[in-house]
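Heads up: the structure comes next, in structure tokens.
Both counts, for ligands and for their atoms, begin at 1 and track the order of listing. Because only heavy atoms are used, hydrogens play no part in the values below, and waters and symmetry mates are left out as well, while side chains stay in. Position 1 is the first residue of the sequence; numbering continues from there.
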Amino acid sequence: MVAERGKFTNKLGFILAAAGSAVGLGNIWKFPFEVGLGGGAAFVVMYLVFCFLLCFPVMVTEIAIGRKTRKNPVGAFTSLGFKNWRFIGVFGVLAGVLILSFYNVIAGWAFGFFFEMVTGNFSVSKHFGDFTSDLVKVGTYAVIFMSATGFFVGRGVSGGIEKLSKILMPTLIIMIVIIAAYTLTLPNAFEGIKFYLIPDLNEITINTIGGALRQAFFSLSLGMGTLITYGSYLSKNDNVISSAAYITLADVSIAFVAGLMIFPLVAFINQGDMSTVASDQAGPGLIFITMPRAFETLGPNLGAFVGGTFFLLLSFAALTSTVSLLEVPTAYIVDEWGVSRKKAVLIASIIIFLVGLPSMLANGASDFFSNQFKIAGSSDFLSLVSKITDSMLLLGGMCIVIFAAHIWKKEQLNEELSNGYEGFKKKLVSKYLNFTISYVSPIILGILFVIVVLSEFFGVNVYNYLSILF
Ligand code: PHE
């Protein structure tokens, strides 16, 4: 039958692995372009509010469910005695498969850029479209990335995932701080900082709010059971609340520094004019086109070195996230089908890779997948899957908190959270968590989920209706 379940060596190992899951393309690739599209600092403020006030309780709940049951997201609900609620887990595993299917493609681009730059093709960014439409290249890099992900997941929780995160996370932090320190010295850097940090409250619209919440969920790896799965490998002696606080803080800080790294650069390239960011530079190409332009100013050798380092950093950040995404279906297959970990990894990786083929074709390689999926400002298959999964995470998060507060019941949750945190029930944080997950999170998540779906998939601008009403 099933071999013994894995375990993180200690709390630090868990925090680094979970922070590794959180910190990824979402922070370095997605966050800056969402800020660009969302109007700058106003988006950042909303994002921070959501992360700390709304998402943190969801994270605590996910970890607690995982640690209590020691199961994958599907098995967890059955094991608590609520078989009818396992649809949340099924939905989560499905979301994981879909997210990794396109995430792996972009991670492959990042790795490809690193490889091309250090092997002499420094100007790869000038031909971004040629690069993404070269199926052989993009396919090869995606296979390499998926194999690396499978390799580490196959090695298990402490021997693979934890070890990888312990090396890559500190490396990543050092690299990102160095690059940000450099870009802050560029001419016009201050204009970028102003765009990024001084909020214009007029920029806050319903779409900014919905976008910030989607971003917060994606970035913190919430809503699909990643943290149920990682929580299932956490020891009963460890404090869930403080672990979740560190993970949130690490994720938010790295996204924040990524902004400090990128906006000065955009300002430098635009000679201080930030007015075109939303229209011209925001979007998936921001990192792959704009960043390398700044590296070019350093000349071919130094430029290739700094550029190579940057894309290596991006690949590292992506790898600790792809590993967590693959771990969810893997844990499901191991727990529920009684298959060995290595076999489960192989099955999950192959399925995900195949599901990702249309996304691989969606940036030029196939006209159909690149242009025929018109929805809310984009027309390619990859953006469509990304938008669908963003909404799935909000829905998943809402169901998880409703389940924990009203079905499993708060008393059980509090009991679990008291393990590793003596006196938890008397603390203010417990009152706050109980109140938020019972009422605030379900209501706000529910409303914003509906708004996001209406505006993204049905083109209904709820904001217009609201302004008519009030
Ligand atoms: N949080 C990851 C990132 O920011 C992506 C992710 C989402 C990982 C959901 C796991 C689950 O890149």
Side-chain angles (χ1 to χ4, degrees), residues 15-35 47 50-51 55-56 58-59 62-63 66 72-73 89 91-111 145 149 152-153 161 164-165 168-169 172 176 211-231 244 247-259 284 287 313-332 348 352 382 385-397 400:
I15 292 174
L16 287 176
S21 164
V23 175
L25 295 174
N27 304 57
I28 303 173
W29 166 71
K30 203 164 184 268
F31 178 70
F33 84 70
E34 292 280 357
V35 173
Y47 167 77
F50 283 140
C51 282
C55 295
F56 173 71
V58 181
M59 179 181 287
E62 279 203 31
I63 301 174
N72 67 88
F91 200 66
V93 174
L94 212 70
V97 169
L98 287 175
I99 294 177
L100 186 50
S101 79
F102 76 82
Y103 198 99
N104 184 58
V105 175
I106 299 162
W109 294 352
F111 181 72
F145 215 89
T149 306
F152 288 106
V153 176
I161 299 175
L164 178 78
S165 310
L168 293 193
M169 287 307 288
L172 185 117
I176 198 169
L213 183 67
R214 277 193 291 118
Q215 174 61 22
F217 255 71
F218 183 81
S219 177
L220 290 167
S221 306
L222 294 178
M224 54 154 275
T226 317
L227 289 160
I228 296 183
T229 312
Y230 273 18
I247 298 163
T248 308
L249 212 60
D251 186 59
V252 169
S253 315
I254 293 190
F256 186 76
V257 180
I287 282 285
L313 166 147
L314 197 59
S315 310
F316 282 173
L319 187 58
T320 48
S321 300
T322 52
V323 156
S324 75
L325 283 160
L326 184 59
E327 178 60 25
V328 174
T330 301
Y332 164 70
I352 291 165
L382 190 152
V385 184
S386 157
K387 282 180 180 151
I388 293 176
T389 50
D390 272 359
S391 305
M392 287 174 84
L393 296 184
L394 295 187
L395 189 62
I400 290 170

Do any nitrogen or oxygen atoms of ligand 1 lie under 3.5 Å from a protein nitrogen or oxygen, and which ones?
{"unit_1": "ligand 1", "atom_1": "1 (N)", "unit_2": "Ser21", "atom_2": "O", "d": "3.2"}
{"unit_1": "ligand 1", "atom_1": "1 (N)", "unit_2": "Ala22", "atom_2": "O", "d": "3.0"}
{"unit_1": "ligand 1", "atom_1": "1 (N)", "unit_2": "Phe218", "atom_2": "O", "d": "2.8"}
{"unit_1": "ligand 1", "atom_1": "1 (N)", "unit_2": "Ser219", "atom_2": "O", "d": "3.0"}
{"unit_1": "ligand 1", "atom_1": "1 (N)", "unit_2": "Ser221", "atom_2": "OG", "d": "3.0"}
{"unit_1": "ligand 1", "atom_1": "4 (O)", "unit_2": "Ala22", "atom_2": "O", "d": "2.8"}
{"unit_1": "ligand 1", "atom_1": "4 (O)", "unit_2": "Gly26", "atom_2": "N", "d": "3.3"}
{"unit_1": "ligand 1", "atom_1": "4 (O)", "unit_2": "Asn27", "atom_2": "OD1", "d": "3.4"}
{"unit_1": "ligand 1", "atom_1": "12 (O)", "unit_2": "Leu25", "atom_2": "N", "d": "3.1"}
{"unit_1": "ligand 1", "atom_1": "12 (O)", "unit_2": "Gly26", "atom_2": "N", "d": "2.8"}
{"unit_1": "ligand 1", "atom_1": "12 (O)", "unit_2": "Tyr103", "atom_2": "OH", "d": "2.4"}

Going by side chain to side chain contact (heavy atoms under 4.5 Å, CB included), Leu314 matches just one of Ile28, Leu319, Ile176, Ile106. Which one? Ile28
Where does the angle between the aromatic ring planes of Phe218 and Tyr103 fall among parallel (under 30°), tilted (30 to 60°) and perpendicular (over 60°)? tilted
Quick one: side chain to side chain donor-acceptor pair (under 3.5 Å) partners of Ser165, sequence neighbours excluded? none
Quick one: side chain to side chain donor-acceptor pair (under 3.5 Å) partners of Thr149, sequence neighbours excluded? Thr322
Sequence neighbours excluded, every pair satisfying salt bridge (Lys or Arg N to Asp or Glu O under 4.0 Å) that has a member inside residues 314-324: none
Is any side-chain heavy atom of Ser324 closer than 4.5 Å to a side-chain heavy atom of Ile161? no
